[in-house]
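Just so we're clear, the structure is a prediction, and the values are computed from it rather than from any experiment. Ligands are counted one by one from 1 in listed order, and the atoms in each one are counted from 1 as well. Throughout, residue positions are numbered sequentially from 1 according to the sequence presented.
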Amino acid sequence: MKIAFAGKGGSGKTTLSALFTRHLAAAGLPVVAIDADINQNLGAALGVAPADLARIPPMGAHIRDIKELLRGTNPRIGSADEMVKTTPPGPGSLLLGMAPGNPVHERFGHRVDGATLMVTGPFSEDDLGVSCYHSKIGAAELYLNHLVDGPGEYVVVDMTAGADSFASGLFTRFDVTFLVAEPTVRGVGVYRQYADYARDHGVDIRVIGNKVQDAADVEFLREHVGDALAACFGHSAFVRAMEKGRHPDLAELEDDNAKTLAWMRDTVDGAVKDWPRFTRQSVEFHLRNARAWAGAATGADLAGQVDPDFVLGPDKLAAQRAAAAGATA
Ligand SMILES: Nc1ncnc2c1ncn2[C@@H]1O[C@H](COP(=O)(O)OP(=O)(O)OP(=O)(O)O)[C@@H](O)[C@H]1O
Ligand SMILES: [Mg+2]
């Protein structure tokens, strides 16, 4: 299941991404956490030491290699240079699973307390005026577009703040989007912006109130986001300890906040996978991208990269595995 954490800057996206990742990993479940924010803070929130963080290869810096890998033998994609961040998979593409052996996890993943952390990388000085951060996040988009995840398998993505995530099709790549909102006017304002974009695309948004202190805070959130308010996470001494560089055991998290994490997992487990829609939207955003800029930028026939009969899903991954096993038998 693909899960996004979105919301206003400073609302708690990184904190809740990290805690939710730890919650899943502590239950022994396969979970990949992706830091796809300009402020790369997820690794620290997961308790990765700075020296180890510095050694994690950023996906955004190796996007060409990722394209080369994922295009596999897809005859519709002539070269990695013709591939853009929205190029959807088709017959011959390398599909990714969550089981051990995923080559993207092997190259870019860092194991931390049972979870796998990957990072898109920081926005560097060299990028200024040359490319935008969205091109780095494109590495995560390509990965998600080729990933066949099943029930009980989780990918948690810490997104950029505000409505930036809508600059590409990335926001349609998730089974559940947790919109983290503080009980403030600006916090709920970002929800409204998100909801407007998301409505047309069937994006499933659940608001998680954060830094909630009392009943009046809950009332405020309910008044402004209505039924979209799914759960609340309280102002937390545990989180403040994290902020001081400590990495307390998850068992020490306040009971109500632990219940919120468990509830979030139930929400994700109850979400329905819709591979035809996932495929349709990846094609839709690819064609939109092609018309807007990418066709001219690459000189490639981007529309021709789409196989109209291909629908991503577990059957395609199973077929790829069977073919690989046959080839080595
Ligand atoms: N439930 C909470 N209780 C107490 N402090 C919290 C809570 N949630 C987040 N914070 C604090 O709020 C600040 C912002 O949190 P965080 O970095 O997770 O937000 P963010 O949305 O990822 O921010 P950015 O947009 O900068 O990436 C941090 O100092 C964090 O420790
Ligand atoms: Mg953050």
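We find that K13 and D37 are not joined by a salt bridge, their nearest charged nitrogen and carboxylate oxygen being 4.0 Å or further apart. Ionic pairing of K67 and D81 is not present here: no N-O contact between side-chain nitrogen and carboxylate oxygen is shorter than 4.0 angstrom. Salt bridge annotation for D204-R206: present, with a cationic side-chain nitrogen under 4.0 angstrom from a carboxylate oxygen. The pair D269-R265 meets the salt-bridge criterion, with a side-chain N (NZ, NE, NH1 or NH2) lying under 4.0 Å from an Asp/Glu carboxylate O.
N210 ND2, 2.9 Å is the protein heavy atom nearest to atom 8 (N) of ligand 1. Scanning the protein for heavy atoms near atom 19 (O) of ligand 1, the closest one is G12 N, 3.0 Å. The nearest protein atom to atom 6 (C) of ligand 1, hydrogens excluded, is given as V239 CG1, 3.4 Å; this is a heavy-atom distance. Among protein heavy atoms, atom 27 (O) of ligand 1 sits closest to D37 OD2, 3.0 Å. Scanning the protein for heavy atoms near atom 14 (C) of ligand 1, the closest one is G10 O, 3.4 Å. What sits closest to atom 3 (N) of ligand 1 on the protein, heavy atoms only, is S236 N, 2.8 Å.
Of all protein N/O/S atoms, those under 2.8 Å from the Mg ion (ligand 2) are T14 OG1, and waters are not counted.
Set against the non-hydrogen atoms of G9, the atoms of ligand 1 under 4.0 Å away are 25 (O). Within ligand 1, counting atoms from 1 as listed, the ones closer than 4.0 Å to a heavy atom of E243 are 28 (C), 29 (O), 30 (C), 31 (O). Which parts of ligand 1 touch G234 is read off a 4.0 Å heavy-atom cut-off, strictly below it: atoms 1 (N), 2 (C), 3 (N). Every atom of ligand 1 with a heavy atom of T14 under 4.0 Å away is listed here by number and element: 18 (O), 20 (P), 22 (O), 27 (O). Close contacts between ligand 1 and F233 involve ligand atoms 1 (N) [criterion: under 4.0 Å to a heavy atom].
Residues I205 and F178 have side chains not in contact (no heavy-atom distance under 4.5 Å, counting atoms from C-beta outward). Between K2 and F278 there is a side-chain heavy-atom pair separated by less than 4.5 Å.
R107 and H62 form a side-chain donor-acceptor contact under 3.5 Å, judged by distance and modelled atom types alone. Side-chain atoms of S11 and E182 form no donor-acceptor pair, as typed in the model, at a separation below 3.5 Å. Y154 and H23 share no donor-acceptor pair across their side chains, judged by distance under 3.5 Å alone.
In this structure, P75 and P91 approach most closely via the heavy-atom pair CD-O, 3.7 Å.
Around atom 15 (O) of ligand 1, the closest heavy atom drawn from L16, N39, T15 belongs to T15. Nearest residue to atom 20 (P) of ligand 1 from K8, K211, K13 is K13 (criterion: closest heavy atom).
Using a non-hydrogen distance threshold of 4.0 Å, S11 registers as a contact of ligand 1.
With a 4.0 Å heavy-atom cut-off, ligand 1 is reached by no atom of D158. Contacts with ligand 1 closer than 4.0 Å are made by no heavy atom of N257, backbone or side chain.
Although no hydrogens or angles enter the test, the distance criterion places no donor-acceptor pair under 3.5 Å between the side chain of D52 and the main chain of V48.
Exactly one of R71, E82, H286 qualifies for a side-chain hydrogen bond (donor to acceptor under 3.5 Å, both in side chains) with Q305. That residue is H286.
Aromatic ring centres of H201 and Y197: separated by at least 6.0 Å.
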What donor-acceptor contacts under 3.5 angstrom involve side-chain atoms of residues 241-252, with partners at least two apart or in another chain?
from : atom 1 : to   : atom 2 : distance (Å)
H247 : NE2    : L46  : O      : 3.4
H247 : NE2    : D113 : OD2    : 3.4
D249 : OD1    : A251 : N      : 2.9

